[in-house]
Amino acid sequence: GMSFIRRIGRRFRSFVNGLQYRQKLLVAIAMVALVPLLLLSAVYMSAYARAKLQAIMERNISRHDAQVEQLDRMFYAGIKKLIYLSNNLQVIQLLGQDYSDDLLAYMNNLTNVQGVLEALKSDELQSGVAVYGVNPSLYRTENIRKIGDLDPPVRERVMGSKEAYPVRTF
């Protein structure tokens, strides 16, 4: 380790000793000018890289914040729709009545509910609503479905939920 450094030191001395006075002066001036310049450049580049990274991070954070806000709005709008639907008398009547041999009653009730469902779709998210009923005499339409149409894991989660979600069974 130490002999390597000594060898370099000797080579450097012999190199400097071999130079003329004018060349030695030039090397000294270059060293005095270049070392601070290199240090300044390194500091500047480090600060520049840090600033660039910070700008990229801030841009990404603001973009993700906007996406989270949009998801929050969608989630909140969905919850408001569900609460409204689960307390809407026309929807309750549609889902609760026995239609075993009365298609006309179903069609009349559906007409009343269809307006409600279309109104719910007209929010800024334009998200439609599907109502899943446990009533076996329901007919499937665009917005009214049977509970069996839900994916089994989702159905089990919804029907087994003890939380205060707007889920009603008729």
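Within the model, atoms CD of Q67 and CG of D72 stand 12.0 Å from one another, a figure rounded to the nearest 0.5 Å. Between N108 atom CG and Q93 atom CD the span is 10.0 Å, to the nearest 0.5 Å. Within the model, atoms CG of N17 and CZ of R10 stand 13.5 Å from one another, a figure rounded to the nearest 0.5 Å. Taken from CE in M107 to OG1 in T141, the straight-line distance is 8.5 Å, to the nearest 0.5 Å. Note that CD of Q114 and CD1 of I144 are 7.0 Å apart. Values are rounded to the nearest 0.5 Å. Note that CZ of R73 is 4.5 Å distant from CD of Q70, once rounded to the nearest 0.5 Å.
The closest side-chain heavy-atom distance from L120 to L85 is below 4.5 Å. Looking only at side-chain heavy atoms (C-beta outward), F75 and L71 stay at 4.5 Å or farther from each other.
No donor-acceptor distance shorter than 3.5 angstrom exists from the side chain of R22 to the backbone of L19, with no hydrogens or angles considered. With hydrogens and angles disregarded, a donor-acceptor distance shorter than 3.5 Å links the side chain of N135 to the backbone of L95. In this structure a side-chain-to-backbone donor-acceptor pair under 3.5 Å is missing from E156 to P153. For the pair K81 (side chain) and V129 (backbone), a donor-acceptor distance under 3.5 Å is absent. No side-chain donor-acceptor contact under 3.5 Å links D151 to the backbone of V154.
For S137 against S100, the heavy-atom pair with the smallest separation is CB-N, 3.7 Å. Shortest non-hydrogen contact noted between N109 and Q97 is ND2-OE1, 2.9 Å. Between L150 and R155, the shortest heavy-atom contact is O-NH2, 3.4 Å. Among all heavy-atom pairs drawn from L138 and R145, the shortest one is CD1-O, 4.3 Å.
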Passes side chain to side chain contact (heavy atoms under 4.5 Å, CB included), N87 versus I83? Steps please. CA-CA 6 Å; N87 293 306; I83 290 171; 3.7 Å; yes
Verify side chain to side chain contact (heavy atoms under 4.5 Å, CB included) between M159 and V134, making sure each step is shown before the conclusion. CA-CA 10 Å; M159 299 305 288; V134 292; 3.8 Å; yes
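Heavy-atom contacts from other residues, nucleotides or ligands closer than 6.0 Å to CD of Q20 number 12 or fewer.
Among residues at least two apart or in separate chains, ring pair (Phe, Tyr, Trp, His ring centres under 6.0 Å) pairs with a member in residues 81-118 are Y99-Y106, Y106-Y139.
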Which pairs of donor and acceptor atoms, one on a side chain in residues 33-52, lie under 3.5 Å apart (sequence neighbours left out)?
{"unit_1": "S41", "atom_1": "OG", "unit_2": "L37", "atom_2": "O", "d": "2.9"}
{"unit_1": "S46", "atom_1": "OG", "unit_2": "R50", "atom_2": "NH1", "d": "3.4"}

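Under a hydrophobic clustering in which Ile, Leu, Val, Met, Phe, Trp and Tyr are joined whenever their side-chain heavy atoms come within less than 4.5 Å, directly or via other members, I5 and F12 fall into different clusters. The hydrophobic cluster containing V27 does not contain L25, counting ILVMFWY residues as joined when their side-chain heavy atoms lie under 4.5 angstrom apart, directly or transitively.
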